[in-house]
Amino acid sequence: MRILQLHCDSIEYTPTKKEIKSAEDIENPQTQRLEELVVVFVAIEDGDDSSVAQNAITQIKNSMEKIGCKKLLLYPYAHLSSNLAKPSTAMSLLKEMESGASELEVSHSPFGWTKSYKLQVKGHPLAESSKVVTKDSESKDTEITSDALKGESTIRSYWKILSPDGTLTNIGDFDFSNHKKLEILAKYESAKSRAVDQPPPHVALMKKLGIADYEPASDSGNMRFFPNGRLIKSLIERYVTDRVKEYGGYEVETPIMYDSEHPSMVSYFNRFPARQYNIDSEGKKLFLRFAACFGQFLMANHFQLSYKNLPYKLYELTRYSFRREQSGELVGLRRLRAFTMPDCHAFCKDIPQAVDEIKVRFDLSQSVLRELGIEESDYEMAIRFTEDFYNGNKSSIEELVKKHGRPVLVEMWKEKFFYFVLKWEFNFIDNLGKASALSTDQIDVENGDRYGIEFIDENNSAQHPIILHNSPSGAIERIIYALLEKAAKDSKEGRKAQLPLWLAPTQIRIIPLNEEFYDFCEKLTDRLSANNIRVDIDDRNGSIGKRIRDAEKEWIQYILVIGEKEANSENLSVRDRQTGNVKEISFDDFLTEINNQTKEKPFTGLNMPKHLSKRPQLMV
RNA sequence: GCCAAUGUAGCUCAGCCUGGUUAGAGCAACUGAUUUGUAAUCAGUAGGUCGUGGGUUCGGAUCCCGUCAUUGGCUCCA
């Protein structure tokens with residue numbers, strides 16, 4: 001059966017004459033006019049039966065629910081196929097479809113008549129679609145066909161929930177009452193239903209805190225990072241890189257642009273047409289990388305690898321990777337066209353080694369996020385695999401779910417369509433119920449071959465490695481987005497919004513009561529700075545209240561007001577932003593308190609003038 | 001990319017529907033006074049081709065069309 005489905009403002013049709021002998025009898029062949037409806041042109045083909053009709057009407061109803069339309073006109077339309085069913089069969093299947101949609105306002109135009117018609121189709125993207133429905137495309141489970149690739153064949157996904165105890169439940173049967181965020185993720189992924197009418201809070205925060213802003217002179221989705229933002233970003237970058245190196249990744253650097261006509265790129269491209277930035281240069285068709293994969297694969301191609309070297313891990317922090325995402329998809333720091341992505345590939349000798357390795361990287365990813373300030377309760381896990389891979393590796397998959405400790409969303413494919421057989425990711429759920437992937441890992445069974453990467457096995461024969469693709473944190477910009485969204489949530493729920501101390505652009509603000517105490521403040525600043533703390537001095541002429549207020553607006557955790565009392569005391573009077581109280585504490589105890597929050601994290605000095613009087617106001 | 005909303009001073013916004021003196025306010029900046037004890041000291045000065053291009057009009061921030069950007073929804077997200 002072939003169907004062409006159009007969401008219309010109106011249709012007007014007039015039966016003119018019977019086209020075939022068996023045409024339907026109708027009482028008055030008058031002009032009919034219908035408004036605000038979905039018109040479905042249907043060609044019923046040889047071999048179609050009742051199940052096809054049921055399947056087709058279900059699909060039509062699903063898509064109508066999506067666009068919120070309740071009126072349906074089935075319009076028999078022979079010209080869609082050259083392999084038509086017999087009119088009698090067609091007629092009965094058409095009626096069956098009509099009765100299968102009885103909850104809608106449904107009708108059909110007369111069968112077997114020549115008709116003139118006029119229709120006005122709506123302009124939205126879902127307004128027009130065509131489908132071919134055949135017997136074997138039916139399915140038992142909840143199913144959503146995702147257009148993984150525009151214009152190419154579709155793959156069918158089965159959405160399920162996998163619990164830590166190993167039970168696999170259809171999404172429709174799962175009780176989400178204790179798993180609200182997972183429900184959001186499941187809906188987001190499978191039903192794509194969202195309703196929000198406000199900008200995400202991090203967009204205002206990234207500007208207010210002088211972190212990042214849009215750059216109108218660039219392309220959309222290419223941000224500029226102010227000194228504060230650069231400092232935060234560079235600390236996160238360093239932290240993630242340190243952790244990956246500790247895990248055993250070797251850091252490399254690869255070009256940001258590649259020749260799309262280079263032999264290794266061609267087959268990859270044909271299979272995965274990406275939305276990339278293209279650059280023509282001296283006859284070469286170059287494109288900007290959208291991931292670190294090819295750079296590392298092309299490099300690994302030149303390594304002489306033995307099975308004894310494996311697993312072997314290459315790592316790059318790409319600043320930037322570029323994806324020309326649809327303009328309507330770009331939002332603040334959540335989705336960008338230029339982003340910084342840590343990407344670690346592990347070359348493994350076989351699936352068992354890959355499966356062992358993926359567990360290590362799973363732990364690494366969980367730990368990296370936690371240390372960056374993103375708790376396990378902030379994200380939900382999704383795991384995607386082929387049915388075959390699941391059946392062969394049930395216990396390992398269940399082990400990953402156990403590590404997460406909560407049910408996870410599963411997308412299962414009947415057959416491998418992408419280059420991987422398994423992929424998992426952690427999805428951060430923000431204040432507005434939007435999901436976006438942070439950490440991820442994949443088991444890639446194709447690119448070893450495609451890029452000609454080889455290792456020599458125990459029997460002296462050349463093999464292609466299985467490749468894991470892991471980003472332990474996801475895009476660095478997205479981590480900042482998640483931290484800001486979390487802070488916004490704290491603020492909304494009455495807590496004080498704050499960045500982790502090790503990421504704070506200013507960790508301590510010193511406020512002299514008046515000029516008399518400047519010297520003392522300078523010396524105190526030097527003492528603190530010598531202990532790797534970012535300290536600045538508000539030497540502006542203003543009231544104490546005003547300067548405290550400004551420090552609060554910058555989310556500065558510790559404020560030291562310096563006056564007569566402090567200048568003559570061994571101890572410090574520290575105002576802690578979380579409590580708003582001033583406490584007296586010895587210099588060493590204060591250092592310990594700070595150190596407890598920043599230990600094992602990278603440090604860099606202030607990225608702004610130490611004196612606020614020397615600092616431009618950033619108003620964005 | 002599609003549909004919608006928004007775009008006025010460095011920032012946040014008013015004015016627009018119903019066209020009509022020199023386009024307003026608060027914050028920030030600058031100058032001066034003030035020398036301050038834990039979330040906003042006072043006064044003054046300066047700052048705008050109203051996103052951008054075109055049209056209608058005697059006259060456009062205001063009405064119309066195009067375009068760019070941001071945000072929301074859709075689609076997408078290997």
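Keep in mind it's a predicted model, so treat the numbers as computed, not measured. As a basis for the values below, the full set of heavy atoms in this structure was taken, side chains included, without hydrogen atoms, waters or symmetry mates.
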[options]: which one has an atom nearest the side-chain heavy atoms of [X]?
X      : options                : result
A/E552 : B/rA39, B/rU36, B/rG72 : B/rA39
A/S327 : B/rG1, B/rA78, B/rG37  : B/rG1
A/E564 : B/rG37, B/rC77, B/rU34 : B/rG37
A/E515 : B/rG37, B/rU35, B/rA78 : B/rU35
A/F290 : B/rG37, B/rA78, B/rU35 : B/rA78
A/V331 : B/rC77, B/rA78, B/rG72 : B/rG72
A/R575 : B/rA39, B/rG37, B/rU71 : B/rA39
A/K546 : B/rU71, B/rU41, B/rG37 : B/rU41
A/N514 : B/rA78, B/rU35, B/rU71 : B/rU35
A/Y214 : B/rC76, B/rG37, B/rU70 : B/rU70

| Less than 4.0 Å between a side-chain N and a carboxylate O, is that true for A/K423 and A/D441? |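 No, no charged N to carboxylate O under 4.0 Å.
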If you compare every side-chain N and O of [X] against the phosphate oxygens of [N] (OP1, OP2), does one of them come in below 4.0 Å?
X      : N      : value
A/K423 : B/rA78 : yes
A/K434 : B/rG73 : yes
A/S220 : B/rU70 : yes
A/R577 : B/rU38 : no
A/S543 : B/rU41 : yes
A/K207 : B/rG10 : no

Does [X] reach a base, just sugar-phosphate, or nothing at all? Heavy atoms under 4.0 Å.
X      : value
A/G563 : base
A/K583 : nothing
A/I548 : base

| request: Take atom C1' in B/rC65 and the same atom in B/rG15, then report the distance between them in whole Å. | output: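 Looking at atom C1' only, B/rC65 and B/rG15 are 24 Å apart.
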| message | Please report the distance separating the P of B/rA29 from the corresponding atom of B/rU67, rounded so that it comes out in whole Å. | response | 41 Å
| message | Quick check on the 6.0 Å ring-centre criterion: do A/H464 and A/Y451 meet it? | response |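 Distance test on ring centres: not under 6.0 Å, no.
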Counting only Watson-Crick pairs (N1-N3 plus N6-O4 or O6-N4) and G-U wobbles (N1-O2, O6-N3), all under 3.5 Å, who is the partner of [N]?
N      : answer
B/rA29 : B/rU45
B/rG37 : none
B/rU67 : B/rG51

| In terms of the angle between their ring planes, are A/F420 and A/W413 parallel, tilted or perpendicular, with boundaries placed at 30° and 60°? | tilted
| query | Between A/S586 and A/N571, is there a donor-acceptor pair closer than 3.5 Å when you use the side chain of the first and the backbone of the second? | reply | no
| field | A/E380 and A/N427: side chain donor to acceptor below 3.5 Å | value |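 There is no such pair (donor and acceptor under 3.5 Å, judged by atom type) between the side chains of A/E380 and A/N427.
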| request: Let me know, please, whether A/V561 or A/R324 comes out on the 5' side of the other along RNA chain B by nearest nucleotide. | output: A/R324
| task | Could you please spell out the steps behind the side chain to side chain donor-acceptor pair (under 3.5 Å) verdict for A/H611 and A/D539? | result | CA-CA 6 Å; A/H611 299 96; A/D539 58 339; 4.8 Å; no
